[in-house]
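Notes for the one structure printed next.
All ligand and atom numbering here is 1-based and tracks the order in the structure.
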Amino acid sequence: MTKATARAYPNMALVKYWGKRDPELMLPLTGSLSMTLDRFATTTSVTRDPDLGGDAFQLNGEPVTGDALRRVTRFLDLVRERSGIREPALVRSRNDGPTAAGLASSASGFAALALAASKAYGLSLDPRDLSRLARRGSGSATRSIVPGMAVWHAGEDDESSFAEPVGAPEIRMIVVVVDAARKEISSREAMRRTALTSPYHRAWAESTEQSLAAMLEACRDEDFTRMGRIAETNALRMHAAILACDPPIRYLEPKSLEVFDAIRALREQGVEVYGTADAGANVVAIARPEDARRVAEALADHGTVTEVGPGPGAELVDEAEADL
Ligand code: PMV
């Protein structure tokens, strides 16, 4: 096959990945856990073409060059190395979500690219190997290969660092976009600065290992309360470590903190809901399915809300229905 099309969804971490032990192999400092979402998919087709002068990349119908293209080429090089086929490729990608939805499009992007590229270059990878391959594109993409709740084992080497499914109670997430426009410092740069300058870097790594172990127990026990508390604490600890960089980095805005306050107020009214936030200003509330609508209504004053549930892992799709 010289062409393949795949779809993957972003994920939201309940125990965050923040820091690399090996930037070349993309081995993380600690393990992490996330839910793959059922909205904001990326669909990507990869077409091998020996007549192209080099790889070409189109996103939402527009040609992309520069760093983003180089990142795609570096990733395709890994696939080419494994397959022994040297041909360049045309990569066409479409993001369903508004680009600034506050959800990591690099996770869905590299998960979809890993599956489409591996097929187009004739590799047949099982989910574990696909997850290891996606990891090389973007850390969080490791988990977007997996449907629903996924644990990414930090591992010791390329072989042992992959994500797999975890049994957990069904939850909903309410994404609150408080600031769609803000230009952020990339997670890559911020992770590097945290490791180099934040005095809380080591404490972050140690506490995250404990949080992940406790989270896996909570998932197994179907203990929503414990899952929510661990997730909120872990997210705020990540932001604390980031705030302590030199020069400082602050992703959370006053509006973000207002959402965390609104979440606490809901808890005080008896609705069990917890908050988390990635490397950006937007906040995601974590709720039981039966409370999701009420939470979404209560948070609608603070930004644009979208309710999301557990979504599928990366999957091949028919080119004809992909509308690239
Ligand atoms: O791999 P990246 O650059 O998408 O890193 C993402 C890091 C966080 O989203 C902040 C946390 C996580 O575990 O997804």
Side-chain angles (χ1 to χ4, degrees), residues 8-37 40 42 67-68 71-72 74-75 95 97 99-114 131-146 149-154 161-163 166 173 175 182 184-195 198 201 204-205 207-209 211-212 215 230-243 245 249-252 256 275-284 286 308 311:
Y9 292 77
N11 64 75
M12 180 55 56
L14 300 173
V15 176
K16 307 286 185 193
Y17 146 62
W18 193 257
K20 299 175 176 66
R21 199 154 51 85
D22 181 330
E24 176 58 33
L25 286 176
M26 294 286 266
L27 301 179
L29 199 57
T30 67
S32 54
L33 182 140
S34 63
M35 186 172 91
T36 300
L37 309 181
F40 312 126
T42 301
D67 280 350
R71 226 172 139 186
V72 166
R74 268 202 304 274
F75 187 81
N95 278 337
T99 315
L103 294 167
S105 54
S106 67
S108 52
F110 279 101
L113 182 61
S131 170
R132 291 173 47 227
L133 175 63
R135 191 192 77 228
R136 304 293 294 276
S138 162
S140 55
T142 313
R143 300 180 309 233
S144 272
I145 297 298
V146 177
M149 212 64 92
V151 59
W152 175 12
H153 305 289
S161 189
F162 61 90
V166 176
M173 292 186 173
V175 181
R182 200 179 128 97
E184 293 157 357
I185 298 179
S186 72
S187 52
R188 187 168 290 224
E189 161 59 17
M191 280 184 202
R192 211 179 59 86
R193 200 184 298 172
T194 308
S198 175
H201 180 66
W204 156 255
S207 80
T208 298
E209 267 164 20
S211 299
L212 180 60
M215 180 64 90
I230 295 167
E232 187 167 306
T233 304
N234 181 257
L236 294 175
R237 284 177 178 168
M238 179 186 81
H239 285 278
I242 296 171
L243 271 169
C245 284
I249 301 170
R250 182 166 63 86
Y251 284 116
L252 297 178
S256 324
T276 185
D278 276 348
N282 302 318
V283 177
V284 174
I286 302 162
V308 296

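Atoms of ligand 1 lying under 4.0 Å from at least one heavy atom of S106, given by number and element, are 4 (O). Each of the following atoms of ligand 1 lies closer than 4.0 Å to a heavy atom of M191: 5 (O), 7 (C). Listed by number with element, the atoms of ligand 1 under 4.0 Å from a non-hydrogen atom of W18 are 10 (C). The atoms of ligand 1 that sit less than 4.0 Å from any heavy atom of G139 are 1 (O). Those atoms of ligand 1 with a heavy atom of A279 less than 4.0 angstrom away are 10 (C). In summary, the atoms of ligand 1 found under 4.0 Å from a heavy atom of S138, numbered by their order in the structure, are 1 (O), 2 (P), 4 (O). Near S187, meaning under 4.0 Å from any of its heavy atoms, are these atoms of ligand 1: 2 (P), 3 (O), 5 (O).
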> Does the side chain to side chain contact (heavy atoms under 4.5 Å, CB included) test come out yes or no for I230 and L14, once each step is laid out?
Replying inline: CA-CA 8 Å; I230 295 167; L14 300 173; over 6 Å; no
>> Applying side chain to side chain contact (heavy atoms under 4.5 Å, CB included) to I185 and R193, what does each step give before you reach the verdict?
In response: CA-CA 11 Å; I185 298 179; R193 200 184 298 172; 4.3 Å; yes
>> Using the rule given for side chain to side chain contact (heavy atoms under 4.5 Å, CB included), can you reason through L25 versus K20, listing the C-alpha separation, both sets of side-chain angles and the distance that settles it, and then say yes or no?
In response: CA-CA 9 Å; L25 286 176; K20 299 175 176 66; over 6 Å; no
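Residue contacts with ligand 1: V15 is placed with no nitrogen or oxygen under 3.5 Å of a nitrogen or oxygen of the ligand (distance criterion only). Between N11 and ligand 1, not a single N/O pair is under 3.5 Å apart. In terms of polar-atom proximity, defined here as any N/O pair under 3.5 Å, R188 makes no such contact with ligand 1. An N or O contact shorter than 3.5 Å links R143 to ligand 1 by distance. Geometrically, ligand 1 and K16 share no nitrogen or oxygen pair separated by less than 3.5 Å.
T30 and W18 share no donor-acceptor pair across their side chains, judged by distance under 3.5 Å alone. Between the side chains of N11 and T36, no donor N or O sits under 3.5 Å from an acceptor N or O. For the residue pair S138 and S106, a side-chain donor N or O sits within less than 3.5 Å of a side-chain acceptor on the partner. K16 and S211 share no side-chain donor-acceptor pair at under 3.5 Å.
Both the backbone and the side chain of S140 come within 4.0 Å of ligand 1, counting heavy atoms alone.
A search for side-chain contact (heavy atoms from CB on, under 4.5 Å) contacts involving V146 returns A150, A163, P165, not counting sequence neighbours.
Pairing each heavy atom of T42 with each of S108, the nearest pair is OG1-OG, 2.7 Å.
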